[in-house]
Amino acid sequence: MLHDFTSQFWANTVDGLTVGSIYALVALGYTMVYGVLRLINFAHSEIFMIGTFGGLTLIQVVGFDNGPYTGIALVGVLLACLVASMVASGGAALLLELIAYRPLRRKGASRLAALISAIGASLFLQELFATTVIPHFFGHGGGRDPIHVPDLMKKETLFSIGSGDVRNDKLLIFVAAIVMMIVLDRFVNASKLGRGIRATAQDPETAVLLGVNIDRVVVVTFVVGGLMAGAAGFFFALLYQQTMFNIGFILGIKAFTAAVLGGIGNLRGALVGGFTLGLIENYGGSIFGSEWKDVIAFTLLVVILLFRPTGILGESLQQARA
């Protein structure tokens, strides 16, 4: 087992950073909503799932299933599918906030009620896709079966680091996650809406007195988190070329683990936590076997909650500085 770890170290590093990029993008949604509302949005995993279907819908409607593409055509197809996935997830996140959470907030419901609503919304969206959306719109009579996503790009090895082959799709996912994280970080720290988000996270009552529109801040928080989850959904479908109605369940828990690992409520912590979890998961899978990857991730969550619940960075969104 140790020999497998050392011989596959660089391959596991490349794969860990790739899947960690996806975890990080999904974790951003968890950490932003928690930072503003102190709510763990467990339905966020289904927002990710909807993102995978957003890109697939565009592929089927426009006819992008004739790939793989190259050159300018590839860039255009990838951007179009990425935007479709982000719009689908962002729209779903907006509806989720308006239907499942806003009525509870206006009635002054407890956080437990919001948490139960999140779990209910998660199960509802899974069953909605399994019983209605997938059979009727994607031509799959068995809505619970995996759905193949057409290959949009020819996956080629660009260069190697030791035993790790860096493919073009993996490099794209890693770089895109870094760029999106930088853009989001600047948005939260430098824009007027970003200052409103930080003010609401720090003290909602005072923020209202200072003229901050709380409803708008919450909507922006959900939509931005949804956009990031949609991007993650597209990258997941691009990497693994499949999706299904409950594709977000396990990945969502892992993304939540990444958010806790980096520091729940910390945007940069979500990125650090995602990469760290991806690496630990792949290194552990090399030592103990790939079937242990999920066990390793969930064990790490328990350990973090027990010994360092504030995470690696431990700085919340409300403490960020412009």
Side-chain angles (χ1 to χ4, degrees), residues 12-35 40-52 82 85-86 89 93 122 169-185 224-240 242-243 246-286 290 292-305 308 311-313 317:
N12 289 325
T13 300
V14 172
D15 291 341
L17 291 176
T18 303
V19 71
S21 300
I22 297 174
Y23 292 158
L25 289 174
V26 180
L28 288 170
Y30 283 110
T31 207
M32 286 191 69
V33 171
Y34 180 84
I40 303 300
N41 178 22
F42 281 118
H44 191 60
S45 56
E46 276 55 60
I47 301 301
F48 161 81
M49 177 269 292
I50 290 172
T52 65
L82 175 62
S85 294
M86 294 177 71
S89 289
S122 174
D169 57 330
K170 295 180 180 181
L171 183 62
L172 171 66
I173 293 170
F174 176 76
V175 172
I178 296 292
V179 171
M180 288 182 177
M181 178 62 227
I182 293 173
V183 172
L184 179 58
D185 185 74
V224 170
L227 293 176
M228 296 299 104
F234 169 70
F235 293 140
F236 181 92
L238 180 69
L239 182 65
Y240 296 107
Q242 71 170 13
T243 184
N246 63 349
I247 198 72
F249 179 69
I250 296 297
L251 189 141
I253 298 177
K254 290 183 178 180
F256 173 67
T257 301
V260 174
L261 178 60
I264 190 72
N266 186 320
L267 295 181
R268 297 173 185 177
L271 188 70
V272 172
F275 287 151
T276 302
L277 177 61
L279 291 171
I280 292 176
E281 186 181 73
N282 276 270
Y283 292 155
S286 179
S290 59
W292 285 85
K293 283 186 176 181
D294 293 347
V295 176
I296 293 169
F298 302 145
T299 300
L300 181 62
L301 174 61
V302 174
V303 171
I304 289 296
L305 290 174
R308 189 173 173 80
I312 295 174
L313 300 185
L317 181 65

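Only a predicted model underlies this, so the values are computations on that prediction, with no experimental measurement involved. Just so you know, these numbers use all the heavy atoms, side chains as well, and skip hydrogens, waters and symmetry mates. Residue numbers run from 1 in the order of the sequence given.
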Q) CG/D185 to CG/L28 distance, rounded to the nearest 0.5 angstrom? A) 10.0 Å
Q | Exam field: side chain T31 to backbone N266, donor-acceptor pair closer than 3.5 Å | A | yes
(Q) Are K293 and N282 packed together at the side-chain level, in the sense that at least one heavy-atom pair is separated by less than 4.5 angstrom? (A) yes
Q) With sequence neighbours left out, what residues match Y240 under ring pair (Phe, Tyr, Trp, His ring centres under 6.0 Å)? A) F236
Q. How far does CD1 of I22 sit from CZ of F48, to the nearest 0.5 angstrom?
A. 6.5 Å
Q.
Using only atom types and a distance under 3.5 Å, with no angle test, would you say the side chain of S286 pairs donor to acceptor with the backbone of Y283?
A. no
Q | For S85, all residues meeting side-chain hydrogen bond (donor to acceptor under 3.5 Å, both in side chains), sequence neighbours excluded | A | none
Q) Would you say M181 and R268 make side-chain contact, with heavy atoms under 4.5 Å? A) yes
Q) Can you tell if the side chain of L300 reaches within under 4.5 Å of the side chain of I304, non-hydrogen atoms only? A) yes
Q: Output the distance between atom CD1 (I40) and atom OH (Y30), rounded to the nearest 0.5 Å.
A: 9.0 Å
Q) Which heavy atom of I173 sits nearest a heavy atom of F235, and at what distance? A) CD1-O, 3.7 Å
Q) What heavy-atom pair brings L277 and L261 nearest, and what distance separates the two atoms? A) N-CD2, 3.9 Å
Q) Who passes ring pair (Phe, Tyr, Trp, His ring centres under 6.0 Å) against F42, sequence neighbours left out? A) F256
Q.
If I take atom OH from residue Y34 and atom CE from residue M32, how far apart are they, to the nearest 0.5 angstrom?
A. 15.5 Å
Q) Of all residues at least two apart in sequence or in a different chain, which pass the ring pair (Phe, Tyr, Trp, His ring centres under 6.0 Å) check with F275? A) F174
Q) Taking all atoms of both residues into account, what is the closest heavy-atom pair of M86 and A231, and its distance? A) CG-N, 3.7 Å
Q. From I253 CD1 over to T257 OG1, what is the distance, rounded to the nearest 0.5 angstrom?
A. 7.5 Å
Q. What pairs of residues pass the side-chain hydrogen bond (donor to acceptor under 3.5 Å, both in side chains) test when at least one of them lies in residues 270-281, not counting sequence neighbours?
A. Y23-E281, K254-E281
Q | Shortest non-hydrogen contact from G29 toward H44 | A | CA-NE2, 3.4 Å
Q: Would you mind reporting whether T299 and V303 have side-chain heavy atoms less than 4.5 Å apart?
A: yes
Q | Non-hydrogen side-chain atoms of D15 and K170 separated by less than 4.5 Å | A | yes
Q. Does a side-chain heavy-atom distance below 4.5 Å link V26 with I47?
A. no
(Q) Looking at every heavy atom in both I247 and T243, which two are closest together, and how far apart are they? (A) CG2-OG1, 3.7 Å
**Q.** Spacing of CG belonging to N12 relative to CD1 belonging to I280, to within rounding of 0.5 Å
**A.** 13.0 Å
Q | Residues which pass side-chain hydrogen bond (donor to acceptor under 3.5 Å, both in side chains) with D169, listed by chain and number, not counting sequence neighbours | A | R167
(Q) For a quick test of reading the model, state the closest non-hydrogen atom pair linking S122 to S45 and the distance between them. (A) OG-OG, 4.1 Å
